[in-house]
Amino acid sequence: MAENKKQVLVTADHLQVYFKGKEKRSGVVKAVDDVSFDIYKGETFGVVGESGCGKSTLGRALIRLIPPTGGRVVLDGTEITDLKGADLRKMRGKAQIIFQDPSACLNPRRNIRQILMEPFEIHKLQKKMDVNARIEELLQLVGMDTYVLSRYPHELSGGQKQRIGIARALALNPDLIICDEAVSALDVSVQAQVLNLLQELKTKLGLTYFFISHNLNVVYQVSDRVAVMYLGKIAEIAAYDRLYEKRYHPYTDALLSTIPQVGESGQGTRIRLEGEVPSPSDPPSGCRFHTRCPRACEHCSRVEPAMREIEPGHFVACHLYDTETV
Ligand code: SF4
């Protein structure tokens, strides 16, 4: 999947994350099932899909917050799938996460100075660098004043708490940041401010983002490329402007038709999908989308489509493009 000239930072290679139910009778939930893609240095790789499609699990597996069941993850040339102990800790400095709920991810019993100190304590860096100066630098990066250092999370607004979450993620100079619904819990006006901040930091610090959101407008606003997920699989990957112009997978078409400006200016009006999203513990045979796909045929229910590059950098998993020249 690699494109020429761009430097790959992350490779997910046939990645799988399965969960076994606690009950004996409960099946295996295939949250992420045989997913492969590259993320290039300095890009924002957006991921969209309905709730439960596996986007957050995928993001967490990329940085080993959830251990993969199978496949490989390579981060900056090092396979991290089986790292342990000090090697795993060192890797965590390179890849961080910003969580959805800033209230839940900051310890209410610690003040902001103590919260921002955590990464340096965990990585035993207090004696190796001027941590206080670094903390002040981090606050400056996220546009906050040092007066907040003595405050506790409950004394801050949602937007301020998320800025602290971002500062903490930046503490160890990571290359990759997983933004897991990072603005979803914020008011719309604050969302815009935090998105602008993330964009500024990306440019200033040369960051790479894996940007997960159920909000298509947000993903479009920030992403260089977009992956569309459905029930643990990737249906389509393309540059965001390509997907605006031409999407091939019927699920992408339905999903993106829900963005008003796309439906109005481009490829018709909203496409309504019939039926519920099937359970990932009992996914449909063949193409997982066939039970809801308006273009499904008998073949679709039997054979799983492979991911194909149908234009440079544009990947689609659908039988409609297995043999046709597009
Ligand atoms: Fe629809 Fe068949 Fe394509 Fe799946 S493979 S998206 S069911 S046409």
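Note that ligands are numbered from 1 as they come in the structure, with each ligand's atoms numbered from 1 the same way. Not measured: the values here are computed from a predicted model. All residue numbers refer to positions in the sequence shown, counting from 1.
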* Sub-6.0 Å ring centroid separation between Tyr209 and Phe45 -> no
Correct closest heavy-atom pair for Gly71 and Thr81 would be O-CG2, 3.4 Å
Among Pro305, Gly286, Pro294, Cys300, closest by heavy atom to atom 2 (Fe) of ligand 1 is Cys300
Should Glu304 and Arg288 count as an ion pair when the cut-off is N to O under 4.0 Å?
no
Given the options Lys202, Lys41, Lys6, Asp224 meets salt bridge (charged side-chain N to carboxylate O under 4.0 Å, His left out) only with Lys202
In this structure, atom 5 (S) of ligand 1 is nearest to the protein heavy atom His319 N, 3.3 Å
Note: ligand 1 atoms sitting under 4.0 Å from heavy atoms of His290 are 7 (S)
Quiz prompt | N, O or S from Cys318 under 2.8 Å to atom 3 (Fe) of ligand 1 | solution = yes
The protein heavy atom nearest to atom 6 (S) of ligand 1 is His249 CE1, 3.4 Å
heavy-atom search around atom 4 (Fe) of ligand 1 in the protein gives Cys287 SG, 2.4 Å
Grouping I, L, V, M, F, W and Y whenever their side-chain heavy atoms are under 4.5 Å apart, do Val188 and Val222 come out in a common cluster? no
among protein heavy atoms, the one nearest atom 1 (Fe) of ligand 1 is Cys293 SG, 2.3 Å
Rounding to 0.5 Å, atoms CZ (Arg134) and CD (Gln126) come to a distance of 14.5 Å
